[in-house]
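It should be emphasised that the depicted structure is a prediction, and the values quoted were computed from it without experimental measurement.
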Amino acid sequence: MNGEMDISPAEWRVMRVVWTLGQATSTQVTEALAQRADWKPATIKTLLRRLVQKGALKTTQQGRAFIYTPLIPEQDSMDQAVDQLFDAMCQMRAGKTIIHLLERSVLSQKDIATMQAILTEKAKTAPEEVPCDCLPGMVDSQCRSQRLIRSGETGGR
């Protein structure tokens with residue numbers, strides 16, 4: 001993906017429908033989301049319009065209907081969103097965040113095998129502890145995140 005795109009949680013739901021169908025009318029998106037969200041058709045049309053303005057979707061008119069087609073690949077979008085999140089957090093917290101994702105995600109045997117292979121390789125060069133990168137020049141012992149990790153606090157979990 002070329003530039004960063006800020007997609008709201010509601011817009012992600014709309015994009016999931018369009019990615020899944022390959023292209024969709026606003027009626028198809030509305031019907032699909034009616035099963036998951038209590039949104040009015042006008043709300044969904046607003047979200048579709050925003051996604052077109054952001055460059056995530058393109059629209060073409062077919063008769064009276066507008067067809068929405070994704071302009072951004074789903075996996076690239078997901079990777080970018082995760083990269084933005086991890087770039088913004090203390091790198092000492094990354095491991096615990098990944099563990100949280102693993103615990104709550106349904107994974108295929110193939111995904112698990114791929115992760116195990118990556119972890120085996122990473123273990124060969126992994127440091128004993130990941131240093132704090134919150135502030136330039138910060139010493140790990142000064143980092144509140146480090147003290148919370150060592151004391152076992154998980155930030156509300």
Side-chain angles (χ1 to χ4, degrees), residues 1-60 62 65-127 129-135 143 145 148-149 153-157:
M1 217 161 94
N2 293 345
E4 292 185 1
M5 186 171 300
D6 188 23
I7 298 176
S8 72
E11 291 167 343
W12 274 104
R13 291 176 124 184
V14 171
M15 288 301 297
R16 281 184 62 190
V17 173
V18 180
W19 279 321
T20 299
L21 297 175
Q23 63 179 25
T25 64
S26 59
T27 302
Q28 289 174 305
V29 175
T30 301
E31 289 172 357
L33 290 175
Q35 300 168 18
R36 300 182 138 215
D38 187 25
W39 295 341
K40 297 190 181 324
T43 300
I44 294 169
K45 288 179 182 177
T46 297
L47 292 168
L48 287 164
R49 182 178 38 78
R50 286 183 191 163
L51 288 163
V52 169
Q53 290 170 343
K54 290 180 178 185
L57 295 174
K58 77 172 182 177
T59 183
T60 52
Q62 195 173 65
F66 286 95
I67 309 295
Y68 295 90
T69 307
L71 292 176
I72 55 175
E74 182 175 15
Q75 190 61 55
D76 289 353
S77 300
M78 293 169 63
D79 291 347
Q80 177 197 338
V82 170
D83 288 347
Q84 284 178 326
L85 173 65
F86 276 78
D87 287 347
M89 72 171 57
C90 178
Q91 69 179 358
M92 291 179 356
R93 294 274 189 182
K96 287 196 177 284
T97 303
I98 293 168
I99 290 167
H100 170 75
L101 288 172
L102 289 172
E103 289 173 343
R104 68 179 304 268
S105 299
V106 177
L107 302 167
S108 69
Q109 292 290 324
K110 183 179 176 184
D111 289 339
I112 292 168
T114 300
M115 287 183 226
Q116 287 173 328
I118 291 169
L119 288 171
T120 298
E121 282 302 307
K122 285 188 105 25
K124 294 176 184 176
T125 58
E129 288 186 1
V130 176
C132 173
D133 68 341
C134 294
L135 300 173
C143 180
S145 290
L148 294 176
I149 290 169
E153 184 178 316
T154 59
R157 289 194 326 127

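For W19, the ring pair (Phe, Tyr, Trp, His ring centres under 6.0 Å) test picks out W12, with sequence neighbours left out. Residues that satisfy the side chain to side chain contact (heavy atoms under 4.5 Å, CB included) test with L71, not counting sequence neighbours, are K58. Annotation: side chain to side chain contact (heavy atoms under 4.5 Å, CB included) contacts of V82 (sequence neighbours excluded): F86. With sequence neighbours excluded, no residue forms a side chain to side chain donor-acceptor pair (under 3.5 Å) with K110. Shown here are the side chain to side chain contact (heavy atoms under 4.5 Å, CB included) partners of L21, two or more places apart in sequence or in another chain: V17, A24, Q28. Remark: L85 engages M89 in a side chain to side chain contact (heavy atoms under 4.5 Å, CB included) (not counting sequence neighbours). Scanning for salt bridge (Lys or Arg N to Asp or Glu O under 4.0 Å) contacts around K54 gives E11, with sequence neighbours left out. In this structure, K122 has no salt bridge (Lys or Arg N to Asp or Glu O under 4.0 Å) partners at least two apart in sequence or on a different chain. Considering only residues two or more places apart in sequence or on other chains, T60 meets the side chain to side chain donor-acceptor pair (under 3.5 Å) condition with none of them. D83 is linked by a side chain to side chain donor-acceptor pair (under 3.5 Å) to nothing, counting only residues two or more places apart in sequence or in another chain. In this view, E121 and K124 satisfy the side chain to side chain donor-acceptor pair (under 3.5 Å) rule, not counting sequence neighbours.
Under 3.5 Å, the side chains of Q75 and D79 contain a donor-acceptor pair of N or O atoms.
Within the structure, side chain to side chain donor-acceptor pair (under 3.5 Å) pairs that include any residue of residues 36-52 do not occur (at least two apart or interchain).
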